[in-house]
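For reference, the structure is listed below as structure tokens.
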Number of protein chains: 2
Amino acid sequence: MSMSHALLISLLEKPSSGFELARRFERSIGYFWHATHQQIYRELGRMEAAGWIEGQAADDAGRTRKRVYQVLPAGRGELARWTAEPAEHLLPRDAFTLKVRAAAVMEELDLRPEAQAYMALHQARLAEYQAIEQRDFPELEGLSRRDRIQRAILQRGIRFEVCEIEWAQTLLQALE
Amino acid sequence: MSMSHALLISLLEKPSSGFELARRFERSIGYFWHATHQQIYRELGRMEAAGWIEGQAADDAGRTRKRVYQVLPAGRGELARWTAEPAEHLLPRDAFTLKVRAAAVMEELDLRPEAQAYMALHQARLAEYQAIEQRDFPELEGLSRRDRIQRAILQRGIRFEVCEIEWAQTLLQALE
DNA sequence: TGCTCCATGTAACACGTTACATGATTGC
DNA sequence: GCAATCATGTAACGTGTTACATGGAGCA
């Protein structure tokens, strides 16, 4: 599983506490990997036991239990190993397409309201991604390698939302 | 969970045994919902207990344990209920984008071989989908509602593979 | 004082994966 | 007779989800 690797990447970007990671998994990294705080704490415990990360009481901990984790060389090595490993590329499960297939086999179902909502959702996401692009990459020239890659990730989101919106229109026609 | 609904749809398309379902989940319906035979048998058992489906010894069972399941009215009702229910639309987890993000934060990683393989994979899938389209929908006129919807599902796959291929090219440029 | 947010955890359960077991049928 | 395939299942384990518990900090 890649939960641990998602956490290693987040911690390389910025050493953090479990709670801070949980918040980031609802935002940036959450765009392609989601996690609940329970999964995060469980995995942080395992990774610390494995020597991949190290946690220390945070500077601003006061009397709280707040601990900040950072990646150790073994964790960096594990991330490099995993990245080079050939992947499986299973198709993700998609409940909406399943519903469309249900509508194909059950004539009495009218999926048009759902399809409309689906299109609206992806239009909203597209707008969100485009706003991030404008904010983070106003200039296209002179980006560092890191920024070029970050921007490519964002472009993937944008491209896919456009696909979804166009497809939703095709679908709505088929549902008439 | 939608595992049970995926099975109901498959059984509406064609009453089947668990083994036949397992095979179909490696093909057609497997394009957007995968399952192992253990999940399938477990779920068939539950659905029969719930009165959604009914299993009977197959005509061609001989002395084997082969049982063919069909959907009961309660199962049809459940499928209709689920289809109309508002969905969550969580973003799917995507290990490859995670690897790209790892490459952004670890300069020493060269992800170009992986990115090349990724592009090749999606080119192969695109070819596969296009072959199915040619085979199943040679004529665009006069399709039934059911066929129009089936074709729309296929178009989604095609559209997405094109997206992936184009994106992989963007990514390869960013990785230079 | 009470409310909200920060921060970490336990417990129980559902879901998913892998390995293994069993036995009938089909074709060589 | 043997191997491959059809067909169904158990067991063990790991992952993911939900509910609940605990306590500090900041603020009105």
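Keep in mind the model is a prediction, meaning the values are calculated, not measured. Letters A, B, ... mirror the listed sequences (proteins, then strands); counts begin at 1.
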* When hydrophobic residues are tied together by side-chain contacts of less than 4.5 Å, even through go-betweens, does I132(B) share a cluster with I158(B)? -> yes
* To do: For atom CG of D59(B), decide whether the heavy atoms of other residues, nucleotides or ligands shown that lie under 6.0 angstrom number more than 12.
  => no
* To do: Decide if atom CZ of R81(A) counts as having more than 12 heavy atoms of other residues, nucleotides or ligands within a radius under 6.0 Å.
  => yes
* Asked: If you find the nucleotide of DNA chain D closest to A35(A) and the one closest to R65(A), which residue's nucleotide is nearer the 5' end?
  -> A35(A)
* Structure fact -> Judged by nearest nucleotide, the residue sitting upstream toward the 5' end of DNA chain D, V68(B) or E88(B), is V68(B)
For [X] and [N], give me the distance from atom [atom1] to atom [atom2], rounded to whole Å.
X      : N       : atom1 : atom2 : value
H37(B) : dT10(D) : NE2   : P     : 11 Å
E26(A) : dC6(C)  : CD    : P     : 11 Å
E20(B) : dC6(D)  : CD    : C1'   : 10 Å
Q39(A) : dA7(C)  : CD    : P     : 20 Å
D59(A) : dA25(D) : CG    : C1'   : 17 Å
L21(A) : dG9(C)  : CG    : P     : 13 Å
I40(B) : dC6(D)  : CD1   : P     : 15 Å
F19(A) : dG24(D) : CZ    : P     : 16 Å

Residue-phosphate contact under 4.0 Å: [X] side-chain N/O, [N] OP1/OP2:
X      : N       : value
R93(B) : dG16(D) : yes
Y41(B) : dT8(D)  : yes
R46(A) : dT15(D) : yes
Q38(B) : dG16(C) : no
R23(B) : dA7(D)  : yes
S17(A) : dT8(C)  : yes

* For W33(B) and D60(A), take the nucleotide of DNA chain C holding the closest heavy atom to each; which residue's nucleotide lies nearer the 5' end? -> D60(A)
* If you take atom types as modelled and just measure distance, does the side chain of R42(B) reach the base of dG16(C) with a donor-acceptor pair under 3.5 Å? -> yes
Check ion pair [X]-[Y] (N to O, under 4.0 angstrom):
X       : Y       : result
E13(B)  : R146(B) : no
E164(B) : R159(B) : no
R112(B) : E176(B) : yes

* Could you please name the option among dG16(D), dG16(C), dG9(C) that lies closest to any side-chain atom of M3(B)? => dG16(C)
* Asked: What pattern of brackets, bars and dots sums up DNA chain C from 5' to 3', given Watson-Crick or G-U wobble pairs under 3.5 Å, [ ] for crossing pairs and | for another strand?
  -> ||||||||||||||||||||||||||||
* Asked: Base, sugar-phosphate, or nothing for R63(B), non-hydrogen atoms under 4.0 angstrom?
  -> sugar-phosphate
* Asked: Between the side chains of E128(B) and Y31(B), does any donor sit under 3.5 Å from an acceptor?
  -> yes
* Asked: Any chance the rings of F32(A) and F96(B) have centres within less than 6.0 Å?
  -> no
